[in-house]
Amino acid sequence: MTTIIWPKQFSPVEDAENIKKACQGWGTDEKAIISILGHRNLFQRKLVRLAFQEIYHQDLLQQLKCELSGNLERAISLWTLDPADRDAVLANETLQKSDPDYRVIIEIACIRSPEDLLAVKRAYKFRYKHSLEEDLASFTTADIRKLLVGVTSAYRYDGNEFDETVAQSEASTLHQEIHGKAFNNEEVIRILSTRSQAQLNATFNIYKDIYGHSITKGFPGGDYFSTLRTVIRCIRDPKKYFAKVLRSAINLEETNEDALSRVIVTRAEKDLKDIKELYLKRNNISVDEAVAREWSGDYKTFILALLGADQN
């Protein structure tokens with residue numbers, strides 16, 4: 001978990017009242033809202049939302065959407081949602097875009113635990129009255145559809161054990177199916193969508209030992225192989241993958257607030273500390289410093305709060 005300074009005494013009723021107070025008058029007090037929600041953990045945020053509903057008969061999220069705007073509103077709203085509901089919203093939003101960012105779907109399918117993925121799919125069905133797999137099949141086509149539906153439909157074994165014999169066999173299968181004369185994605189998808197992370201990492205390691213390079217090296221171009229590469233990277237080393245997403249989000253000519261918010265918000269209470277260390281090691285600048293350099297205003301203040309870099 002990231003280092004966040006929690007209040008010595010937590011009162012969900014007091015927080016709810018202070019958020020309501022920040023929303024009254026001529027202008028919204030964004031800093032007051034950030035100082036509260038930016039320093040509350042998942043359990044505390046749930047209690048604040050329940051207290052707000054009980055006192056004011058309003059959904060806190062709806063209040064925030066009315067009072068805030070732009071990147072700040074989106075980031076705080078995502079932070080306030082329960083994780084499964086948050087992922088359901090992120091998945092649906094990306095599928096509605098004319099140019100979907102399949103990384104969002106792959107992160108949910110390949111990095112979340114089997115139980116977490118199941119919870120996301122339940123939340124998605126409750127919210128949108130369709131299954132996530134159904135919408136994936138509707139909004140994607142051809143091999144990308146097969147791959148994304150395959151990994152999203154998975155319920156993987158979550159332990160550390162693996163079978164070296166299977167890893168040897170499937171490393172050979174993957175090489176043949178990906179780099180052979182006649183590409184066949186059926187076996188590739190079967191392996192990537194059914195094997196555990198431990199089993200797949202054993203396969204990827206043996207692949208590198210046998211063929212002298214990583215499995216993704218030499219991939220042909222095109223959207224399918226770009227999507228396949230992301231699946232493999234998310235399974236192989238999620239923290240390294242997220243550090244790269246942050247680097248791209250911060251260092252592009254046009255910064256990508258959606259990607260920045262998504263990584264910070266979804267990993268803040270999981271492995272953000274490790275991701276930050278990797279980022280610093282690879283970029284010679286901390287995420288905190290990079291965010292402070294590239295952004296300004298209340299959005300920067302909120303992201304820095306989740307990074308543990310503010311002084312509140």
Side-chain angles (χ1 to χ4, degrees), residues 1-2 4-7 9-94 96-97 104 108 119-120 123-124 126-128 249 255-270 272 291 295-312:
M1 287 176 59
T2 187
I4 295 179
I5 304 170
W6 307 117
Q9 291 184 330
F10 166 67
S11 168
V13 170
E14 185 176 330
D15 279 356
E17 290 173 344
N18 285 334
I19 291 172
K20 188 66 174 179
K21 189 183 300 182
C23 296
Q24 294 173 332
W26 289 104
T28 304
D29 187 348
E30 289 89 351
K31 287 180 174 53
I33 295 172
I34 292 168
S35 71
I36 297 168
L37 293 177
H39 298 86
R40 301 297 183 265
N41 63 28
L42 174 60
F43 179 67
Q44 292 169 332
R45 297 194 303 275
K46 285 183 178 180
L47 293 181
V48 172
R49 193 173 174 187
L50 285 170
F52 197 92
Q53 178 72 46
E54 185 173 333
I55 297 169
Y56 302 109
H57 306 290
Q58 289 178 282
D59 184 353
L60 174 58
L61 278 166
Q62 290 303 315
Q63 179 78 72
L64 293 172
K65 286 181 181 294
C66 290
E67 299 296 330
L68 306 175
S69 62
N71 294 315
L72 176 64
E73 182 275 319
R74 176 170 172 75
I76 288 186
S77 293
L78 288 173
W79 178 243
T80 307
L81 283 165
D82 288 344
D85 208 25
R86 174 200 301 149
D87 281 346
V89 169
L90 286 168
N92 184 261
E93 285 180 350
T94 201
Q96 299 298 327
K97 294 178 180 178
V104 177
I108 294 167
V120 172
Y124 192 99
F126 180 80
R127 181 178 274 266
Y128 300 109
T255 50
N256 187 340
E257 287 80 8
D258 279 352
L260 179 74
S261 297
R262 185 178 80 248
V263 175
I264 301 300
V265 167
T266 61
R267 308 316 295 178
E269 294 176 296
K270 293 185 179 293
L272 185 56
V291 167
W295 281 276
S296 60
D298 294 321
Y299 175 71
K300 179 183 82 170
T301 302
F302 180 65
I303 294 298
L304 289 177
L306 298 192
L307 287 166
D310 66 346
Q311 301 299 316
N312 291 333

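Residues take their numbers from the sequence shown, with the count starting at 1. Side-chain atoms are counted along with the backbone in the values below, which use heavy atoms only and exclude waters and symmetry mates. Model, not experiment: these values are computed from the prediction.
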Stepwise side chain to side chain contact (heavy atoms under 4.5 Å, CB included) test for Ile76 and Ile34 | CA-CA 8 Å; Ile76 288 186; Ile34 292 168; 4.1 Å; yes
Could you go step by step and tell me if Gln24 and Lys20 meet the side chain to side chain contact (heavy atoms under 4.5 Å, CB included) rule?
-> CA-CA 7 Å; Gln24 294 173 332; Lys20 188 66 174 179; 3.9 Å; yes
Between Leu42 and Arg45, is a side chain to side chain contact (heavy atoms under 4.5 Å, CB included) present by the stated rule, with each step listed?
-> CA-CA 5 Å; Leu42 174 60; Arg45 297 194 303 275; 3.8 Å; yes
Begin with the C-alpha distance, continue with both residues' side-chain angles, and end with the deciding distance and a verdict on side chain to side chain contact (heavy atoms under 4.5 Å, CB included) for Leu304 and Leu307.
-> CA-CA 5 Å; Leu304 289 177; Leu307 287 166; 4.1 Å; yes
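To the nearest 0.5 Å, atoms CG (Leu60) and NZ (Lys46) are separated by 14.5 Å. Here the straight-line distance linking atom NZ of Lys300 with atom CG of Leu72 works out to 13.5 Å at 0.5 Å rounding. Interatomic distance, CD1 of Ile19 versus NZ of Lys21, reported as 12.0 Å (0.5 Å rounding). Rounding to the nearest 0.5 angstrom, the gap separating the CG atom in Leu47 from the OG atom in Ser11 is 10.0 Å. Taking CG from Asn92 and CZ from Arg127, the interatomic distance works out to 8.5 Å, rounded to the nearest 0.5 Å. Of the inter-residue distances, the one linking Ile33 atom CD1 with Thr301 atom OG1 reads 13.0 Å to the nearest 0.5 angstrom.
Within the 4.5 Å cutoff, no side-chain heavy atoms of Trp295 are placed close to those of Ile303. The shortest side-chain heavy-atom distance between Phe302 and Asp298 does not fall under the 4.5 Å cut-off. Taking 4.5 Å as the limit, some side-chain heavy atom of Leu37 sits within range of a side-chain heavy atom of Leu64. At least one side-chain heavy atom of Val104 sits under 4.5 Å from a side-chain heavy atom of Ile108. Within the 4.5 Å cutoff, no side-chain heavy atoms of Phe52 are placed close to those of Leu61. Between Leu260 and Tyr299 there is a side-chain heavy-atom pair separated by less than 4.5 Å. With a 4.5 Å cut-off on side-chain heavy atoms, Ile264 and Trp79 do not count as touching.
Listed by chain and residue number, nothing satisfies the salt bridge (charged side-chain N to carboxylate O under 4.0 Å, His left out) test with Glu14 (two or more places apart in sequence, or in another chain). Taking Asp59 as the reference, Arg49 meet the salt bridge (charged side-chain N to carboxylate O under 4.0 Å, His left out) condition, with sequence neighbours excluded. Legend: residues meeting side chain to side chain donor-acceptor pair (under 3.5 Å) with Thr28, ordered by chain and number and at least two apart, are Glu67. Not counting sequence neighbours, Arg86 has no partner by the salt bridge (charged side-chain N to carboxylate O under 4.0 Å, His left out) test. Partners of Ser77 under the side chain to side chain donor-acceptor pair (under 3.5 Å) rule, at least two apart in sequence or in another chain, are Glu73. Every residue two or more places apart in sequence or in another chain was checked for a side chain to side chain donor-acceptor pair (under 3.5 Å) with Thr80, and none qualifies.
The two residues Ala51 and Pro12 have their closest heavy-atom pair at CB-O, 3.7 Å. Of all the heavy atoms in Arg40 and Gln44, the pair that sits closest is CA-OE1, 3.3 Å.
The number of heavy atoms from other shown groups lying within 6.0 Å of CD (Gln53) is above 12.
Between Arg74 and Asp258 there is a salt bridge, since at least one side-chain N of the basic residue sits less than 4.0 Å from a carboxylate O of the acidic one.
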